[in-house]
Amino acid sequence: MDLLIKLHRILIVASCCPNPKLILSSLLSVSYSKMFNQPKQKSTATHTWQVWAMYMVLAVGLSEEQALKQACPSCDATQSCNCSSMGLDFIPSGLTDKITVLDLARNRIKHIRAHDLQQAVNLRTLLLQSNKISSIDEDSFVSLGKLELLDLSNNSLAHLSPGWFEPLFSLQHLHIHGNCYSDLGESSPFSSLRNLSSLHLGNPRFSTIRQGNFEGITLLNQLWIEGSNLSLYEPGSLKSIKKINHMIISIRRVDLFSAIVRDLLHSAIWLEIREIAFNIPEEIQLLRVISLSFAKKISFKQVLFTDATVPGIVSILENMPKLVEVEMKDCRLLGTGRWDLKVHANQSQSLTVLTIEKLSIEEFYLFTDLQAVLDLLSLFTKITVENTKVFLVPCRLSKQLLSLEYLDLSANLLGDQSLEHSACPGAWPLLRTLNLSQNSLSDLKMTAKSLSHLRNLILLDISQNNFGEIPDVCEWPANLKYLNLSSTQIPKLTACIPSTLEVLDISANNLKEFNLHLPFLKELYLAKNQLKALPDAAGIPNLVAMSIRRNKLNSFSKEELESFKKMELLDASANNFICSCEFLSFIQHQAGIGQVLVGWPESYICDSPLSVRGVQVGAVQLSLMECHRSLVVSLICAVVFLVILILVAIGYKYHAVWYMRMTWAWLQAKRKPKRAPPKDICYDAFVSYSENDSNWVENVMVQELEQACPPFRLCLHKRDFVPGKWIVDNIIDSIEKSHKTLFVLSEHFVQSEWCKYELDFSHFRLFDENNDAAILILLEPIQSQAIPKRFCKLRKIMNTKTYLEWPHEEEQQEIFWENLKAALKS
C-alpha cells in the first residue's frame with residue numbers, strides 16, 4: 001500500500017517536473033526500497049517485473065508530455081513548412097489550416113495519431129518518407145480531403161489499411177514503397193482514390209499481388225511496382241486498370257513478369273523493365289506475350305542480356321504492333337554480338353527510335369559488326385548510343401541506316417580514323433543531327449572532311465574533344481547551320497569555321513578574340529573564354545543572341561551594343577566589370593536594358609573600384625569626384641589660378657610686395673639699437689614730405705634752414721638717397737643717421753603712400769611716446785579725425801604733443817623759424 005501511495009505522488013510530480021530522469025530515478029528508488037523491505041519469501045522476480053512495468057507506464061506518460069512540446073519553428077504563419085531532418089519523434093503540434101505543404105521527412109516519427117493532422121484541413125502535400133512509422137491511427141487522415149501528394153515511403157509499415165486512404169478523395173500521388181508489408185491485403189486499399197495519378201509501391205519483402213488489390217483505379221499516369229522478391233501474382237490483378245501511361249516493373253522472375261505483362265497488353269503505353277536477367281534462352285519463350293502488347297515504348301534498365309537471349313528479345317520487339325521506341329540504360333550484355341540465330345524481321349513500320357545509354361560490354365573490343373541485325377536498321381530515324389565504348393561503326397551498318405535523321409554517339413571512343421571509316425561515302429544519307437561530343441577526335445580538318453558528304457547535316461556537336469590548333473581552311477557539309485565546338489582547347493579561330501552557320505558554340509576554350517566573318521550567324525556562345533571586349537558587329541551583322549559570360553569583359557559601351565542591329569539577348573553576366581562613370585551612365589539609363597541583358601541585374605557585379613566591389617552594377621552610385629575627376633581637378637586648378645590672379649591684382653594695386661619687403665626691413669630694423677652712435681649721425685633732420693609739397697620744402701624750408709647760421713644739414717630723398725639702393729633701405733638708413741625726423745604734414749602727406757611707408761618704418765623707433773626725435777610741421781590745417789586710420793600713431797601724437805603750424809602772415813613766420821630751429825637743436 002505504501003508503494004502505491006509513493007508511486008501516485010511521483011506521478012503527480014511528473015506532470016510538472018522538467019526532468020524525466022529525476023522522476024524515473026525516484027520511481028526506481030521507491031521500488032527497490034520496497035522490494036528489499038519485503039519478506040524473504042517474496043520472489044525477487046515479481047518485484048523486478050513491477051519496477052519495469054511502472055517504468056514503462058511513466059516513460060509513456062513522459063513521452064506524451066514531450067510530444068506536446070515539440071514544434072517546427074519554420075511553420076509559423078507560413079503556407080509551407082520544412083520540418084525535415086529535425087530529429088522529431090512526433091508530428092509537431094500547432095499545425096493550422098494555413099499550411100499547404102508539410103515536410104516531415106528524415107525524422108524519427110514512429111506513430112501518427114488521430115489528432116496530429118486534425119487542423120491541417122488545407123494540406124496539399126504531406127511528406128513523411130524516411131521516418132520509423134510503424135503504425136497509423138485509422139482516422140489520422142480524415143481531415144485531409146484536399147491532400148494531393150502523400151509520401152510514406154521508407155518507413156516500417158507492416159500492413160496497409162484502406163481506412164487510411166478512404167478520406168483522401170483528392171489524392172493524386174501516393175508513395176508507399178520501402179516499407180515492410182508483404183502484400184496489399186485481401187482487398188484494394190486504393191478503392192476510394194478516384195483521382196490517383198501515380199502510385200509507387202513495393203519493397204524487398206513484398207511477395208504477393210492478389211486479384212482486387214487495384215480495384216477502384218482505372219487510369220494512372222505512372223505505376224511503379226518494386227517486386228524484386230515477388231513470388232505470387234494472381235492473374236488479372238492489374239486488369240482493372242484500363243490505361244497506364246508509364247508502367248515500371250522491378251522484378252526478377254521472368255514468369256511473373258510475363259504474367260504481369262499479359263494483364264497490361266492493352267493498358268500500358270510505356271513499359272519499363274528493371275533489374276531482371278534475360279540469360280536463359282528457354283525463359284524467353286515466356287516473353288512471347290509481349291509481342292501482343294500495344295505499348296509504344298519499352299525501356300530496359302539494369303537488365304542483363306546474353307548473346308543467347310538477344311535474338312529472341314529482338315524478334316519479340318519487332319513483332320510488337322505499335323512499338324515506336326526501345327530504350328536501354330545501365331544494362332549489361334554478356335557476349336560479343338555473335339548471335340547464333342540471324343533475326344528474320346517482319347519489317348516493323350513503327351519502330352524508329354533506339355536509345356542505348358551506358359551499355360556495359362565487358363569484351364567490347366571483340367564485338368562483331370552486327371551483321372545479323374542489318375536488316376532491322378533501315379527504318380530507324382533516331383539512334384542514341386551513348387557512353388558505351390563505341391570505337392567504330394562499321395561502314396556497312398552506316399550505309400544501312402537509310403532513314404536515320406538523328407545520331408548520338410557521344411561519350412564514346414571514336415577517333416579521327418575510325419570516324420572516317422564510320423562516316424564512309426553513302427553512310428547516313430538523310431542525317432540531319434550528329435552528336436560526336438566527348439570522343440577522341442583531335443583533327444578538326446579531318447573530322448570536317450569525313451562528314452563533308454552529309455548534304456543534309458544541319459547540326460553537328462563535336463564538343464569536349466581535343467582539337468587544339470585548327471587549320472585555316474576546312475571542308476564542311478554544305479548545309480551545316482549549327483556547330484558546337486565548346487571545350488575543344490581551341491586557342492584561336494580561323495576561317496576553318498564554316499560561313500554557313502546560324503548557331504556557333506565555342507564556349508570554354510582559350511579564345512582571346514573573335515574576328516570571324518559569319519554573315520548568317522544568329523546565335524553565338526562565347527562563355528568561359530578570355531575575351532576582353534564584345535566581338536566586332538561588322539562580321540556578324542545578323543546576330544540575335546550572344547553569350548559572353550565568364551570572360552574578362554570589363555565593360556561595354558552604348559555604341560558597341562547598338563552596333564548589333566538585331567541583338568535581342570546578351571548574356572554578359574559573371575564578368576569582372578569596372579564600374580566607371582561612362583559604363584554606369586550607359587547601363588543604368590539605357591531604356592529596355594533589362595529585356596536585353598540575360599540575368600540582369602543580379603548577375604552583373606562590380607569588380608572595381610574597391611569601394612563598390614561585390615555590388616550589383618545597377619545599384620552603384622558613384623560620387624561627382626569619382627565620375628568627373630578630370631573636370632573637378634580642372635575646376636579646382638582654375639579656381640586656384642583665379643584666386644592667385646586676384647591676389648596678384650590686389651597685391652599689385654595695394655603694393656603688397658612692397659609691404660612684404662617693408663615688413664622684412666622693419667624686422668631687421670627692430671634688431672638694431674634704437675639710436676645710432678653719435679659718430680654715425682650725418683644729418684640734423686630727415687625730412688618726410690609729400691611730393692605735392694616739394695615746392696615749399698625745397699624753396700622755402702630748406703633755404704631757410706641750410707642757409708642759417710650755423711646751417712642745418714637736412715636729408716632729402718631727392719638729393720641724398722643713394723642711387724640704386726632699395727628705397728626702404730634708404731629711408732631706414734636716413735632716419736637712423738638723422739638727429740631728428742621732420743614731418744611736413746598736409747592733406748597731400750596724408751594721402752601719399754610713400755609718406756605712409758616712411759611713417760610705418762619709423763613707427764616703433766620714432767613714434768614712441770617717450771621719444772622726442774619727431775618734429776611735426778603742420779603746413780595746413782588738418783583735423784585729426786580726417787587722418788586715415790592707417791596713420792594711427794600720427795593721430796595719437798597730434799592729440800598728445802605740440803606741433804608747429806606754418807603761419808600765412810609774414811610777421812608770424814619769423815617766430816615759426818625760430819621755434820623750428822630751436823626744436824632741431826634740442
Side-chain angles (χ1 to χ4, degrees), residues 63-157 160-179 189-190 192-201 217 219-222 224 594 599-603 616:
S63 296
E64 295 279 349
E65 187 69 25
Q66 287 177 334
L68 295 176
K69 297 180 180 179
Q70 288 189 335
C72 179
S74 66
C75 282
D76 297 340
T78 61
Q79 294 184 346
S80 179
C81 299
N82 184 4
C83 312
S84 61
S85 304
M86 296 184 64
L88 299 176
D89 296 313
F90 297 90
I91 293 178
S93 59
L95 302 179
T96 67
D97 57 359
K98 295 181 179 180
I99 300 173
T100 58
V101 178
L102 180 58
D103 187 354
L104 292 165
R106 297 177 295 282
N107 283 292
R108 300 194 299 263
I109 300 172
K110 296 180 179 179
H111 178 59
I112 302 178
R113 298 165 296 186
H115 63 275
D116 283 341
L117 300 166
Q118 189 173 6
Q119 301 300 321
V121 294
N122 290 311
L123 202 60
R124 300 297 200 277
T125 300
L126 178 58
L127 305 177
L128 289 162
Q129 70 268 27
S130 302
N131 278 276
K132 298 180 180 180
I133 300 172
S134 59
S135 60
I136 302 174
D137 288 354
E138 200 71 11
D139 297 332
S140 294
F141 303 142
V142 70
S143 61
L144 305 183
K146 297 180 180 180
L147 193 66
E148 298 175 355
L149 189 154
L150 175 60
D151 194 340
L152 290 166
S153 61
N154 300 314
N155 280 287
S156 302
L157 295 172
L160 301 176
S161 171
W164 299 343
F165 309 117
E166 186 173 351
L168 307 179
F169 47 83
S170 298
L171 195 67
Q172 299 178 21
H173 309 281
L174 177 61
H175 304 284
I176 53 174
H177 58 283
N179 282 277
F190 318 114
S192 61
L193 304 179
R194 300 298 180 181
N195 294 306
L196 196 64
S197 174
S198 65
L199 175 61
H200 188 178
L201 57 87
I217 302 177
L219 174 65
L220 283 177
N221 185 56
Q222 184 185 88
W224 188 341
W600 175 265
E602 61 275 2
S603 297
Q616 291 183 9

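Every heavy atom of this structure was used, including side-chain atoms; hydrogens, water molecules and symmetry mates were not.
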Using the test side-chain hydrogen bond (donor to acceptor under 3.5 Å, both in side chains), find all partners of [X] that sit at least two apart in sequence or belong to another chain.
X    : value
S153 : D151
S603 : none
Q118 : none

Point-to-point distance, once rounded to the nearest 0.5 Å, from [atom1] of [X] to [atom2] of [Y]:
X    : Y    : atom1 : atom2 : value
N221 : Q172 : CG    : CD    : 10.5 Å
L171 : S198 : CG    : OG    : 8.5 Å
L219 : N195 : CG    : CG    : 10.5 Å
I91  : S140 : CD1   : OG    : 7.5 Å
K98  : Q79  : NZ    : CD    : 9.5 Å
L193 : F169 : CG    : CZ    : 11.5 Å

Can you give me the closest heavy-atom contact between [X] and [Y], atom names plus distance?
X    : Y    : value
C83  : L104 : CB-CD2, 3.5 Å
L117 : S143 : O-OG, 2.9 Å
N107 : L88  : OD1-N, 3.0 Å
S170 : G145 : OG-O, 2.7 Å

Picking from L149, L102, L152, L150, what satisfies side chain to side chain contact (heavy atoms under 4.5 Å, CB included) with L127? L149
Side chains of residues 160-168: which donor-acceptor pairs under 3.5 Å do they make with residues two or more places apart or in other chains?
from	atom 1	to	atom 2	distance (Å)
S161	OG	E138	OE1	3.3
S161	OG	E138	OE2	2.8
S161	OG	G163	N	3.2
W164	NE1	I136	O	3.2

N/O donor-acceptor pair under 3.5 Å between N155 side chain and L128 backbone: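 Checking the backbone N and O of L128 against the side chain of N155, a donor-acceptor pair under 3.5 Å is found.
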Looking at D89, is its backbone amide N or carbonyl O close enough to the side chain of R108 to form a donor-acceptor pair, meaning the two atoms are under 3.5 Å apart? no
Would you call D137-R113 a salt bridge at under 4.0 Å N-O?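 A salt bridge is absent here (no side-chain N lies under 4.0 Å from a carboxylate O).
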Pairing residues for H177 by the ring-ring contact (aromatic ring centres under 6.0 Å, His included) criterion, not counting sequence neighbours: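 Counting only residues at least two positions away or on another chain, H177 forms a ring-ring contact (aromatic ring centres under 6.0 Å, His included) with H200.
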Side chains of F141 and L147: does their closest heavy-atom pair fall under 4.5 Å? no
Could you list the donor-acceptor pairs under 3.5 angstrom formed between side-chain atoms of residues 119-126 and any protein atom two or more places apart in sequence or on another chain?
from	atom 1	to	atom 2	distance (Å)
N122	OD1	K146	NZ	2.8
N122	ND2	D97	O	2.6
R124	NH1	N122	O	2.9

